[in-house]
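First up is the structure itself, then whatever we jot down about it.
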Amino acid sequence: MTKMNIYNTLSRKKEEFIPLHAPNVGLYVCGPTVYGDPHLGHARPAITFDVLFRYLQHLGYKVRYVRNITDVGHLENDADAGEDKIAKKARLDQLEPMEVVQYYVNRYHKAMEALNVLPPSIEPHASGHIMEQIEFTQKILDAGYAYESEGSVYFDVEKYNKDYRYGKLSGRNVEEMLETTRELDGQSEKRRSVDFALWKKASPEHIMRWKAPWSEGFPGWHMECSAMGTKYLGEEFDIHGGGMDLMFPHHECEIAQSCAALGKDSVRYWMHNNMITIGGQKMGKSLGNFITLEQFFTGNHPLLSKAFSPMTIRFFILQAHYRSTVDFSSEALEASEKGLERLLEGYARLLKLEGAGPMASASPVFDLRSDCEAAMNDDLNTPVVIAHLFDALKTINLVHDGKASISAGELAELKEVFGLYLEKLLGIKDESAQNKGTEAYQKAIDLLLNIRLEAKKNKDWATSDRIRNELSALGFEIKDTKEGFEWRL
Ligand code: ZN
C-alpha cells in the first residue's frame with residue numbers, strides 16, 4: 001500500500017496515514033446547516049473531502065464516508081442562546097421547519113451533483129438522531145463532566161480541563177478563557193461562560209422540541225457529530241474533516257464530549273480545509289459579497305462578470321491546496337476557466353491520438369503516474385497534480401501538431417493516467433460533452449462536417465461556407481485541424 005501523508009490539525013504536522021481497521025476507513029465530515037442556499041463555503045469542504053474519498057478508494061480502501069445534515073440545534077451566532085437557525089427561517093417563511101430542511105437539502109444535493117461531488121455513504125440528519133444524542137449526554141453526565149441547570153445540561157469545561165486538555169485542537173488557552181469569563185458567573189444558568197450546552201430546555205415559543213430526562217428541549221449543536229460519528233464509524237475512527245471555521249468551538253467541543261463520555265479521543269486524524277475570501281474579505285451577507293453557487297452558475301450577481309460553470313468552480317478550488325486560503329474574483333475564475341479549457345482540449349486530443357514507432361526507453365510519459373501519486377500522497381496536493389497534467393499537455397500537443405511521435409505503449413499509459421487523475425480522482429468532467437448529446441446526434445454533426453470537408457476539396461465554397469455559417473449560428477464552434485475538424489456546442 002502506498003504511503004500517504006495527511007496533515008493532522010491536532011498534532012500540527014504531516015503524519016503517515018495508517019487506518020485503524022484497514023482496508024476499512026471511516027471518514028466523517030461536517031455537512032451543511034440547511035437554512036439557506038449553498039454557497040462557496042459549502043463547495044470547498046465538499047470538493048476537498050470528495051477528492052479524499054475518491055483517492056482513498058483508489059488506494060484500495062473501503063471507505064465509509066459520513067457527511068451529516070445539521071437540521072436542529074445550530075443556534076444563531078454558533079452560540080448557546082438565540083434562535084435555532086432553521087426554526088427562525090421557518091418562522092420568517094411561515095413553513096414547517098422540516099419543509100425548510102427538505103427544501104435546502106434538495107438545493108444542496110442539486111449543487112453537489114453539478115459540482116460532481118459524489119454522495120457520501122451515509123448522510124444522517126441530526127433531527128433523526130435525538131435518542132443517540134440524549135444517550136451521549138447521559139454518558140457525559142454519568143462520567144461527571146456535565147451538570148444540569150434549569151432543565152438544560154451543560155458541559156463542565158473547568159472540571160474537564162483538570163483531567164484532559166480543553167483547547168488542544170484550536171490551541172486556545174483555557175485558563176485565560178476561564179479567567180476572563182469569571183466575572184460573568186452567577187448571571188447565567190451556566191457555571192462558566194465557556195461551558196457549552198449539551199441539551200437545552202426549549203422556551204415556550206421554541207417549536208423544534210423533544211422529550212428528554214431533563215426537560216422538553218433540543219440537543220446542543222456539537223452533540224450531533226459526536227453521536228452520529230461514533231454511531232456509524234465506531235468509538236474510534238480514522239478521519240474527521242470540515243472547514244477551519246468549525247475548529248472552534250465545534251470540533252473542540254466534539255473532542256471534549258468524546259473524551260468525557262468514552263475516555264478517549266474518537267478521531268485519529270483531524271483535517272481542516274481553509275476558508276474562501278471574496279476580494280480579500282470574508283464572505284458575509286452584510287458585506288454584499290455573499291454569492292450562492294446558483295448565482296455563480298447563472299452569473300446573476302453584481303460581483304460576477306459572467307456565469308461560471310460548476311466545473312470551473314471545482315477546478316478553481318482544486319488549483320489551490322486545501323490548507324491555503326483561496327480568494328475569489330471574476331478575473332481569477334476567468335483564468336481558471338481558460339486553464340481548464342486547455343486541459344480538456346488536450347485530453348480530447350490525447351484520446352484521438354494514435355501511437356507509432358518504437359517505445360522510448362526513458363520516456364517522460366512514465367513519470368506522470370508516479371509524480372501525480374507522489375503529489376496526492378503529500379497531503380492531497382491537488383495543485384501539483386494539476387501542474388503535472390499541464391506538463392503532459394506539452395507532449396500531447398507536440399504529437400498532435402506532428403512535431404513529435406509517441407509509441408503505442410507510451411500513449412496507452414498517458415491516456416490511462418490522464419483519465420485517472422483528471423476524471424476519476426479530481427472529478428473533472430467535460431461539461432461540453434454533456435451538450436454534445438447522443439451518439440446519433442454527434443454522428444449527424446460529424447456527417448455534416450465531413451460533407452463540408454468534401455465540398456472544400458471540390459472547391460464548392462458555397463456549400464462549405466453554408467454548413468459552417470449555419471452551424472455557427474446554431475451555437476457550434478468549429479475548428480479546422482490537420483486531421484479534419486473539431487467541434488463543440
Ligand atoms: Zn459537525
Side-chain angles (χ1 to χ4, degrees), residues 8-10 26-36 38 41-50 52-53 64-80 84-86 101 104-105 108 112 117 120-130 132-137 140 155 166-170 196-200 208 218-262 265-275 322:
N8 190 345
T9 319
L10 189 63
L27 168 64
Y28 187 94
V29 174
C30 292
T33 303
V34 282
Y35 69 109
H42 292 114
R44 198 170 189 197
I47 290 169
T48 299
F49 294 104
D50 180 53
L52 179 67
F53 181 39
R64 184 179 292 165
Y65 177 17
V66 181
R67 190 185 66 206
N68 70 304
I69 295 285
T70 297
D71 59 356
V72 66
H74 195 169
L75 306 186
E76 287 178 297
N77 307 316
D78 299 348
D80 275 347
D84 182 290
K85 291 186 184 199
I86 284 137
V101 169
Y104 288 111
V105 166
Y108 180 73
M112 291 304 117
V117 167
S121 326
I122 306 176
E123 194 173 46
H125 285 229
S127 65
H129 297 75
I130 302 294
E132 287 84 349
Q133 298 184 70
I134 291 172
E135 279 167 24
F136 211 101
T137 300
I140 299 174
F155 192 91
Y166 183 79
K168 65 179 179 179
L169 180 70
S170 58
F196 55 91
L198 302 176
W199 184 264
K200 286 281 284 180
M208 300 170 83
F218 55 94
W221 172 36
H222 318 303
M223 184 45 77
E224 60 176 281
C225 291
S226 287
M228 297 190 289
T230 52
K231 174 179 169 112
Y232 294 113
L233 300 175
E235 285 192 1
E236 282 179 274
F237 59 91
D238 296 296
I239 303 172
H240 192 315
M244 219 174 216
D245 53 335
L246 294 178
M247 214 149 85
F248 190 89
H250 188 53
H251 293 158
E252 196 73 75
C253 295
E254 267 190 58
I255 292 179
Q257 288 168 166
S258 285
C259 288
L262 311 168
D265 263 339
S266 287
V267 177
R268 274 281 292 120
Y269 305 84
W270 281 93
M271 289 178 80
H272 291 95
N273 64 274
N274 213 320
M275 297 290 101
Y322 75 91

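Counting convention: from 1, in listed order, for ligands and their atoms alike. In what follows, every heavy atom counts, from backbone to side chain, and hydrogens, waters and symmetry copies are set aside.
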| task | For residues Phe136 and Ala227, report the shortest heavy-atom separation together with the two atoms involved. | result | CD1-CA, 4.0 Å
| field | Shortest-distance N/O/S atom, His250 versus the Zn ion (ligand 1) | value | NE2
| remark: In terms of heavy-atom contacts, Glu254 and Cys225 come closest through OE2-CB, 3.0 Å
| Parallel, tilted or perpendicular: ring planes of Phe248 versus Tyr166, cut at 30 and 60 degrees | perpendicular
| said: At less than 2.8 Å, would any N/O/S atom of His251, backbone or side chain, sit next to the Zn ion (ligand 1)? | reply: no
| Which class fits the ring pair His272 and His251: parallel under 30°, tilted 30 to 60°, perpendicular over 60°? | tilted
| request: May I ask you to check whether His222 brings an N, O or S atom to under 2.8 Å from the Zn ion (ligand 1)? | output: no
